[in-house]
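To keep things clear, I will list the structure first and then write my remarks on it.
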Amino acid sequence: MTLPDEVTIVEVGPRDGLQNEPGVVATDVKVEFVDRLARTGVKVVETTSFVHPKWVPQLADGAEVYATITPVEGVRYPVLVPNERGLNDALQAGVRDVAVFAAASEAFSAKNLNRSIDESLEMFAPVIRRAAADGLGVRGYVSMAWGCPYQGHVPVEDVVRVSAELAELGCDEICLGDTIGVGAVGEVHRVVSRVAAEIGHDRLAVHMHDTYGQGLANTLAAFEAGVTVADTSAGGLGGCPYAKGAKGNLATEDLVYALDRSGVRTGIDLEAVLETTAWMAGELGRPPASRVAEAILASRAGDGA
Ligand code: HMG
Ligand code: MG
């Protein structure tokens with residue numbers, strides 16, 4: 001297996017991790033989650049969303065969260081924005097990195113954005129243009145890149161088309177999402193290679209949910225295929241309220257553990273991530289979904305540590 005010497009992990013726990021949480025998570029807990037994560041050595045913490053609060057009530061306090069965090073130098077704090085209204089609110093809050101989120105599946109685009117794929121790209125175009133003109137970092141997600149719960153199979157051509165259009169509109173990073181975690185290694189290689197052939201490897205990121213336990217293998221497969229940016233969430237929190245059956249993202253500690261032991265640099269302190277995961281599990285009142293957290297935290301409990 002040939003892995004890169006160094007990769008960038010994007011921590012999405014405070015956004016993807018919390019957006020699907022059924023119980024209300026207090027604003028100060030979200031802020032502490034972001035601040036703890038930012039002190040683990042991670043370079044990017046996706047912090048919240050500026051979407052319609054009726055669509056994602058859990059993140060209705062996005063502006064307050066953003067205003068209250070304690071920025072760590074060198075860490076970026078992107079937020080999701082679907083439209084110009086969201087961008088305006090984000091700019092007013094002082095945000096410097098945004099992400100728009102398209103899909104390769106028409107059915108999911110309708111459910112998640114109330115729009116066809118082409119209509120969503122029309123909605124994103126002025127957001128991307130204005131954000132880029134203001135010097136913001138702009139990521140474009142392509143959800144359902146490996147399958148959709150409403151449509152089933154998603155042709156790779158659709159993933160390539162949406163990725164290329166987002167890149168053409170001015171996104172500086174394209175992130176392929178396995179939103180419901182159904183993909184497997186061979187398909188990861190195929191989709192990543194096809195998209196990279198259009199837009200290059202250096203603008204590509206992956207975002208693997210772990211529903212079928214494939215998140216780690218799939219992320220490593222993407223690294224082998226030349227990608228060097230991947231999303232994870234501490235404790236494996238996450239899911240999308242508009243994608244039935246979607247479980248959490250690949251856990252940050254699962255990926256950091258694998259990369260540490262493979263000699264791949266992330267800049268992230270595994271111990272600090274585990275502490276954050278254990279703290280958040282206490283706040284949410286349930287154990288983390290991560291196998292690494294389970295193994296290490298349980299062995300410590302056994303030690304009386
Ligand atoms: P819509 O109902 O079509 O909106 O929703 P609209 O444009 O018709 O506007 C209706 C009203 O909403 C208007 O108010 C707007 O001002 C207001 P009114 O005039 O009726 O009083 N409005 C807003 N308010 C606050 N903030 C905004 C905003 N926009 C409009 N930004 C919309 C369209 C895009 C807004 C809606 O569908 C939406 O908010 N969707 C967000 C869904 C979402 O956040 N899903 C989860 C994130 S995606 C994900 O998790 C996948 C990912 O992790 C990758 C992967 O796993 O693959 C990223
Ligand atoms: Mg997601």
Side-chain angles (χ1 to χ4, degrees), residues 10-21 46-63 66 78-93 95 98-105 107-117 119-124 126-127 131 139-151 154 159 162-163 166 171 173-183 188 191 205-211 215 218-219 222 229-233 236-251:
V10 175
E11 170 62 56
V12 297
R15 194 279 303 171
D16 200 326
L18 296 184
Q19 71 181 10
N20 209 29
E21 241 345 274
E46 196 175 72
T47 300
T48 185
S49 295
F50 286 76
V51 298
H52 195 302
K54 275 199 204 128
W55 285 66
V56 184
Q58 182 66 262
L59 302 184
D61 57 356
Y66 198 87
V79 304
L80 258 54
V81 294
N83 51 17
E84 289 199 89
R85 163 69 199 272
L87 177 65
N88 292 342
D89 292 350
L91 287 171
Q92 200 163 7
V95 165
V98 294
V100 297
F101 42 106
S105 137
F108 180 65
S109 186
K111 285 210 187 282
N112 197 43
L113 294 165
N114 198 24
R115 275 155 183 76
S116 69
I117 295 173
E119 286 166 348
S120 79
L121 293 171
E122 268 172 45
M123 174 169 75
F124 298 144
V127 176
R139 163 183 266 205
Y141 279 103
V142 182
S143 285
M144 303 297 174
W146 283 276
C148 170
Y150 310 109
Q151 170 181 318
V154 175
V159 183
V162 177
S163 302
L166 285 171
C171 289
E173 183 172 85
I174 303 299
C175 182
L176 303 179
D178 187 2
T179 321
I180 52 166
V182 288
V188 170
V191 173
V206 293
H207 173 109
M208 302 299 190
H209 283 263
D210 204 22
T211 318
N218 288 347
T219 301
V229 181
D231 298 2
T232 58
S233 89
L237 295 172
C240 176
Y242 296 100
K244 71 172 188 257
K247 286 231 168 80
N249 294 88
L250 168 61

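First listed ligand is number 1; within each ligand, the first listed atom is number 1.
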Quick one: table the atom pairs, ligand 1 N or O against protein N or O, below 3.5 Å, distance rounded to 0.1 Å.
unit_1   : atom_1 : unit_2 : atom_2 : d
ligand 1 : 3 (O)  : N114   : ND2    : 2.8
ligand 1 : 3 (O)  : R115   : NH1    : 2.8
ligand 1 : 7 (O)  : R115   : NH2    : 3.4
ligand 1 : 12 (O) : H52    : NE2    : 3.2
ligand 1 : 24 (N) : R85    : NH1    : 3.4
ligand 1 : 26 (N) : V51    : O      : 3.4
ligand 1 : 29 (N) : N83    : ND2    : 2.7
ligand 1 : 31 (N) : F50    : O      : 3.0
ligand 1 : 31 (N) : N83    : OD1    : 3.1
ligand 1 : 37 (O) : N112   : O      : 3.4
ligand 1 : 39 (O) : H52    : N      : 3.0
ligand 1 : 40 (N) : N112   : O      : 3.1
ligand 1 : 45 (N) : N112   : OD1    : 2.8
ligand 1 : 50 (O) : R15    : NH1    : 3.0
ligand 1 : 50 (O) : Q19    : NE2    : 2.7
ligand 1 : 53 (O) : R15    : NH1    : 3.3
ligand 1 : 53 (O) : R15    : NH2    : 2.9
ligand 1 : 53 (O) : D16    : OD2    : 2.9
ligand 1 : 53 (O) : H207   : NE2    : 3.2
ligand 1 : 56 (O) : H207   : NE2    : 3.0
ligand 1 : 56 (O) : H209   : NE2    : 3.1
ligand 1 : 57 (O) : S143   : OG     : 2.8
ligand 1 : 57 (O) : T179   : OG1    : 2.6

Task: Q92 atom CD, neighbour heavy-atom count above 12 within 6.0 Å - done: no
- [ ] May I ask you to decide if the ring planes of Y150 and F108 are parallel, tilted or perpendicular, using 30° and 60° as cut-offs?
- [x] parallel
Open item on the list: In terms of relative ring orientation, are W55 and Y242 parallel, tilted or perpendicular, with 30° and 60° separating the classes?
Closed with: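 W55 vs Y242 ring planes: tilted.
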Task: Closest heavy-atom pair and its distance - S109, I117 - done: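 Shortest heavy-atom separation between S109 and I117 comes out as OG-N, 3.6 Å.
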Open item on the list: Which heavy atom of A93 sits nearest to which heavy atom of F50, and what is that distance?
Closed with: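 Minimum heavy-atom contact is CB-CZ, 4.0 Å.
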Task: Euclidean distance, L121 CG relative to R115 CZ, rounded to 0.5 Å - done: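 Going from the CZ atom of R115 to the CG atom of L121 covers 12.0 Å.
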Open item on the list: Can you tell whether the side chains of D231 and R15 come within less than 4.0 Å, N to carboxylate O?
Closed with: no
Task: Metal environment of the Mg ion (ligand 2), protein N/O/S under 2.8 Å - done: D16 OD2, H207 NE2, H209 NE2
Task: Minimum side-chain heavy-atom gap D16-H209 below 4.5 Å - done: yes
Open item on the list: Is any side-chain heavy atom of E119 closer than 4.5 Å to one of L113?
Closed with: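 Heavy-atom side-chain distance check fails, nothing below 4.5 Å.
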